[in-house]
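Written below as structure tokens is the structure these notes are about.
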Amino acid sequence: MNRAARAFWLSSPGEGEIRETPLAEPGDGEVLVRSLYSGVSRGTETLVFRGGVPESQHAAMRAPFQEGEFPAPVKYGYLNVGVVEAGPTALVGRTVFCLYPHQTRYVVPASAVTVVPDTVPAARAVLAGTVETAVNALWDAAPLVGDRIAVVGGGMVGCSVAALLARFPGVRLQLVDADPRRAEVAEALGAGFATPEDALGECDLVVHASATEQGLNRSLELLRAEGTVVELSWYGDRRVALPLGEAFHSRRLAIRSSQVGTVSPARRASRSYADRLALALDLLADPALDALVTGESAFEELPEVMPKLASGEIPALCHRVRYTDTP
């Protein structure tokens, strides 16, 4: 017997709506999940909401369970936590994380869900996808004990990276952001804070996540000779100008990219995607990470909330979406 679910769709750039969608009974090896929470990653999802995904990146930017095509109509999202209502006995009743869009219920292969540890509240587990990005970034960056490190850009990804780096012994760590309100978040995560003009230089490593040309330029300025910027920002269809003249070559600076779509080469031989996500969920046992959730609204409010997130009227890091127990 078929049943219905409700899903949030981008109907056209800048406009969203909730649609009813048919939901089949789960087959062998599948699970039916009732959503408890989902998360809006303000950077990537609002770029999608504005219609800013370049045509050349349409395939690379697809979410695992996306429906539709960019720029619209499209059902997009990848931070979902729910409870398994039907499927393999070992999973029924368990709280799980899945890279699924904003939808009240959904059916996916059992292999697509990861059980949330008992030490992690469901409301915090929506951060798993972004913490997974931070794990991959630090595998790429390979920070060392005692390093001088700056994270430029206090958005959801930058704050997740800072939260993990704060656990490294002996590091001098600053979260750098133009918004002084990020100082409170940095303190909760155990990191120092500075505005761009006051940030400490001579860094061994700078992780850049502001998605701005100014932020990347400032990241280069903060490096010591032979230091490295790890670039996490996604610029969509924007071009970025860099000062690769001046002292870039004489100081032997390096810029390297990091992207969560593949497991870091540093761990690819020994870690799978599932291993990486499981690690991210284990790390979410730390209650300090609650500081990354800066707002919450009901699923039914998403058509009104998403434009405000995209415009910055709601200055969120991770905005959490709450579901009620309805079809």
Side-chain angles (χ1 to χ4, degrees), residues 1-27 30-53 58-59 61-87 91 95-114 116 122-123 125-130 156 293 295-310 314 316 318-327:
M1 181 178 63
N2 290 349
R3 62 180 100 191
R6 289 174 298 140
F8 176 74
W9 281 73
L10 173 63
S11 51
S12 62
E15 294 186 5
E17 63 183 8
I18 292 175
R19 299 181 180 180
E20 188 168 288
T21 184
L23 193 65
E25 291 295 317
E30 293 184 322
V31 290
L32 168 65
V33 180
R34 173 173 54 85
S35 296
L36 299 173
Y37 300 98
S38 58
V40 178
S41 176
R42 186 170 175 266
T44 302
E45 283 200 62
T46 58
L47 185 146
V48 169
F49 187 77
R50 293 192 299 267
V53 179
H58 282 190
M61 281 287 291
R62 285 193 68 87
F65 294 100
Q66 173 181 323
E67 293 183 35
E69 303 295 336
F70 300 121
V74 64
K75 183 176 76 175
Y76 191 85
Y78 48 84
L79 302 173
N80 188 291
V81 177
V83 61
V84 175
E85 293 191 319
L91 289 174
T95 300
V96 296
F97 176 85
C98 185
L99 297 169
Y100 204 87
H102 310 285
Q103 185 165 310
T104 54
R105 279 183 171 86
Y106 53 92
V107 174
V108 294
S111 59
V113 302
T114 302
V116 175
V126 295
L127 299 168
T130 309
M156 191 174 172
V293 179
E296 183 176 293
S297 59
F299 168 73
E300 291 77 12
E301 298 173 308
L302 265 178
E304 292 75 41
V305 168
M306 282 295 291
K308 296 178 181 179
L309 290 169
I314 299 177
C318 176
H319 187 85
R320 188 164 57 209
V321 179
R322 180 182 66 254
Y323 293 78
T324 55
D325 186 14
T326 55

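When a residue number appears, it is its place in the shown sequence, counting from 1.
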So do the side chains of Thr130 and Cys318 get within less than 4.5 Å of each other, counting heavy atoms only? no
Leu23 vs Leu32, test: side chain to side chain contact (heavy atoms under 4.5 Å, CB included). Steps then yes/no. CA-CA 9 Å; Leu23 193 65; Leu32 168 65; 3.7 Å; yes
Are Glu45 and His319 close enough that a side-chain donor and a side-chain acceptor fall under 3.5 Å? no
Nearest 0.5 Å please: distance from the CD atom of Gln103 over to the CH2 atom of Trp9. 9.0 Å
Do any N or O atoms from the side chain of Glu15 and from the backbone of Ser12 form a donor-acceptor pair under 3.5 angstrom? no
Derivation of the side chain to side chain contact (heavy atoms under 4.5 Å, CB included) call for Lys75 and His102: CA-CA 8 Å; Lys75 183 176 76 175; His102 310 285; over 6 Å; no
Checking side-chain contact (heavy atoms from CB on, under 4.5 Å) against Ser297, which of Ile314, Val305, Val40, Leu309 comes through? Val305
Checking side chain to side chain contact (heavy atoms under 4.5 Å, CB included) for the pair Leu79/Phe97: CA distance, chi angles, key distance, verdict? CA-CA 7 Å; Leu79 302 173; Phe97 176 85; 4.1 Å; yes
For residues Ser38 and Tyr323, is any side-chain donor paired with an opposing acceptor at under 3.5 Å? yes
Report the residues that fulfil salt bridge (Lys or Arg N to Asp or Glu O under 4.0 Å) with Arg320, sequence neighbours left out, ordered by chain and then residue number. Glu296
Looking at side-chain heavy atoms only, is the closest gap between Phe65 and Pro101 below 4.5 Å? yes
Considering the options Phe8, Phe49, Phe70, which one meets the ring pair (Phe, Tyr, Trp, His ring centres under 6.0 Å) requirement together with Tyr76? Phe70
Do Arg3 and Glu25 come within less than 4.5 Å of each other through their side chains, counting heavy atoms only? yes
Evaluate the side-chain proximity of Arg105 to Glu85: yes if any heavy-atom separation is below 4.5 Å, no if none is. yes
Verify, without hydrogens or angle tests, whether Thr104 (side chain) and Arg6 (backbone) share a donor-acceptor contact under 3.5 angstrom. yes
Any side-chain to backbone donor/acceptor pair from Gln66 onto Gly68? Under 3.5 Å, distance only. yes
Which value, rounded to the nearest 0.5 Å, describes the distance between Leu127 atom CG and Ser41 atom OG? 10.0 Å
Would you name the heavy atoms of Gly16 and Pro303 that are closest together and state the gap between them? O-CB, 3.6 Å
Min side-chain heavy-atom separation Thr44-Met61 under 4.5 Å: yes
What are the two closest heavy atoms between Pro109 and Val31, and how far apart are they? O-CG2, 4.3 Å
Just wondering, do Val74 and His58 contact through their side chains at under 4.5 Å, heavy atoms? no
Non-hydrogen side-chain atoms of Ser35 and Phe299 separated by less than 4.5 Å: no
For the residue pair Pro71 and Gly51, what are the closest heavy atoms and their distance? CB-CA, 4.4 Å
How about Leu10 and Met306: do any of their side-chain heavy atoms sit closer than 4.5 Å? no
